[in-house]
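For reference, the structure discussed in these notes is given below.
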Amino acid sequence: MRPLDRAALLHSAEQLTGLSLAEIAQQLGLSVPENLRRDKGWIGQLLELALGASAGSKPEQDFPELGVELKTIPVDERGKPLETTFVSVAPLTGISGLRWQDSNVRNKLSCVLWIPIIGTRQTPPGERIVGPPLWWQPTAEEEQLLRQDWEEIMELISLGQIQTLSARHGQVLQLRPKAANSKALTEAVGAQGQPIMTLPRGFYLKTGFTAALLARHFMI
DNA sequence: CCGTGATCATTA
DNA sequence: TAATGATCACGG
């Protein structure tokens with residue numbers, strides 16, 4: 001079931017366009033949750049299964065052999081994103097010398113197959129509709145924006161300033177909590193260079209950024 | 001706990 | 001009402 005190349009993956013994704021998530025779940029023999037409160041990752045995992053992505057929670061792309069990352073993104077009927085997009089967990093220790101070129105963020109975003117999922121928060125998951133898939137590779141301008149935000153955020157983290165970092169930093173990429181709850185802690189570096197315990201964080205794409213890239217593709 | 005898949009729910 | 005901070009499930 002795993003696609004042999006990018007063309008096969010795209011073809012599979014195109015076959016899903018217009019289907020409801022309930023139809024896809026039925027084909028796969030899966031039950032559909034009433035809402036996503038306790039199944040926040042259900043849509044992403046449904047599409048991974050439908051498209052043959054490698055399972056697991058490794059910090060890699062979904063299709064390493066194709067160099068492709070798969071991302072579902074909830075959008076309204078006009079294609080506007082309803083949520084920010086999680087990219088990857090942020091490293092908080094041992095990051096001296098880490099360059100953008102070698103970062104997980106850059107690796108994950110180097111080539112993305114976006115699958116828009118049309119609906120609203122009020123739309124039952126099963127009734128949401130798969131939109132047309134689209135390939136995306138950052139333009140030079142987009143990569144520059146991502147790189148700038150990443151470098152600024154990572155520098156603050158390395159300087160022991162993580163406790164001053166909020167989701168307001170960054171133009172297109174932001175840092176936010178990424179944990180089971182507010183009691184989950186992980187090691188980081190404090191203002192005096194000492195080890196401290198803090199909330200795990202993740203990098204997220206802001207909606208303005210994803211809205212622009214989706215709009216660009218829908219116009220073409 | 002970590003990293004995957006994300007969205008929820010409260011705040012500004 | 002959009003954005004920020006908090007949270008849910010799962011395999012390892």
Side-chain angles (χ1 to χ4, degrees), chain A residues 13 21 24-25 28 30-64 68-76 78 80-95 103-109 112-128 130-131 149 153 157 162-188 195-212:
Chain A
L21 299 188
I24 295 173
L28 297 173
L30 300 178
S31 58
V32 182
E34 301 269 322
N35 59 65
L36 299 180
R37 190 162 35 160
R38 298 211 158 189
D39 297 271
K40 297 177 181 178
W42 185 77
I43 296 179
Q45 289 161 351
L46 178 72
L47 272 292
E48 280 189 347
L49 194 58
L51 296 173
S54 40
S57 57
K58 299 178 292 294
E60 299 178 341
Q61 292 162 313
D62 294 300
F63 298 94
V68 173
E69 173 73 9
L70 178 70
K71 287 236 164 276
T72 59
I73 181 167
V75 299
D76 64 19
R78 298 175 44 189
K80 180 185 173 187
L82 272 39
E83 298 286 348
T84 54
T85 302
F86 171 71
V87 179
S88 63
V89 162
L92 304 183
T93 61
I95 55 181
S103 69
N104 283 334
V105 173
R106 190 210 180 224
N107 179 243
K108 289 272 188 78
L109 299 183
V112 179
L113 180 64
W114 295 95
I115 311 280
I117 303 297
I118 306 165
T120 71
R121 278 193 176 185
Q122 288 68 46
T123 309
E127 295 177 22
R128 301 186 192 190
V130 178
D149 285 346
I153 291 169
I157 291 175
I162 190 167
Q163 307 193 86
T164 74
L165 263 171
S166 78
R168 296 167 184 77
H169 285 80
Q171 295 294 301
V172 300
L173 192 67
Q174 64 182 175
L175 196 70
R176 303 221 306 276
K178 173 58 170 164
N181 55 58
S182 60
K183 298 177 186 68
L185 297 175
T186 193
E187 188 175 306
I196 62 171
M197 296 305 282
T198 190
L199 220 49
R201 315 298 167 90
F203 283 107
Y204 295 79
L205 295 177
K206 301 182 75 170
T207 54
F209 184 76
T210 49

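Order of the sequence lines sets the chain letters (A, B, ...), proteins ahead of strands, with each chain counted from 1.
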To the nearest angstrom, how far is [X] atom [atom1] from [N] atom [atom2]?
X: A:Gln122; N: B:dA9; atom1: CD; atom2: P; result: 12 Å
X: A:Arg201; N: C:dG5; atom1: CZ; atom2: C1'; result: 10 Å
X: A:Ile162; N: C:dG5; atom1: CD1; atom2: P; result: 12 Å
X: A:Asn181; N: C:dC8; atom1: CG; atom2: C1'; result: 10 Å
X: A:Leu173; N: C:dA3; atom1: CG; atom2: C1'; result: 16 Å

Q.
Can you give me the bend angle of the helix from B:dC1-C:dG12 to B:dA12-C:dT1? Use the axis through the first five pairs and the one through the last five, nearest 10 degrees.
A.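 Angle reported: 30°, given to the nearest ten degrees.
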Phosphate-side-chain proximity, [X] and [N], N/O vs OP1/OP2 below 4.0 Å:
X: A:Ser182; N: C:dT7; result: yes
X: A:Arg168; N: B:dA12; result: no
X: A:Gln174; N: C:dT4; result: yes

**Q.** Option passing side chain to side chain contact (heavy atoms under 4.5 Å, CB included) with A:Pro33 (candidates A:Ile43, A:Leu21, A:Asp39)
**A.**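 Of A:Ile43, A:Leu21, A:Asp39, side chain to side chain contact (heavy atoms under 4.5 Å, CB included) with A:Pro33 is met by A:Asp39 alone.
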Q. What residue among A:Ile162, A:Val89, A:Ile157 forms side chain to side chain contact (heavy atoms under 4.5 Å, CB included) with A:Arg201?
A.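 When A:Ile162, A:Val89, A:Ile157 are each tested with A:Arg201, the side chain to side chain contact (heavy atoms under 4.5 Å, CB included) holds only for A:Ile162.
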Q) With sequence neighbours excluded, what pairs up with A:Tyr204 under the ring pair (Phe, Tyr, Trp, His ring centres under 6.0 Å) test? A)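 With sequence neighbours excluded, A:Tyr204 shows a ring pair (Phe, Tyr, Trp, His ring centres under 6.0 Å) to A:Phe86, given in chain and number order.
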Q | Check: A:Leu51 and A:Asp62 side chains under 4.5 Å, non-hydrogen atoms | A |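 No - every pair of side-chain heavy atoms lies 4.5 Å or more apart.
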Tell me the closest heavy-atom pair linking [X] and [Y], and the distance in Å.
X: A:Ile196; Y: A:Gln163; answer: CD1-NE2, 3.6 Å
X: A:Lys183; Y: A:Asn181; answer: N-OD1, 2.7 Å
X: A:Gly119; Y: A:Leu82; answer: O-CD2, 3.3 Å

Q) Going from CZ on A:Phe209 to CG on A:Leu109, what distance comes out if it is rounded to the nearest 0.5 angstrom? A)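 Separation between the atoms: 7.5 Å.
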Q: Let me see the working for A:Thr123 and A:Thr120 under side-chain hydrogen bond (donor to acceptor under 3.5 Å, both in side chains), right down to the final yes or no.
A: CA-CA 5 Å; A:Thr123 309; A:Thr120 71; 3.2 Å; yes
Q. Of A:Ser166 and A:Lys80, whose nearest nucleotide on DNA chain C comes first from the 5' end?
A.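 On the 5' side of the pair lies A:Lys80.
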Q) Reading nucleotides 2-8 of chain B 5' to 3', which nucleotides get B (base under 4.0 Å from a protein heavy atom), which S (sugar-phosphate only), which -? A) SBBBBBB
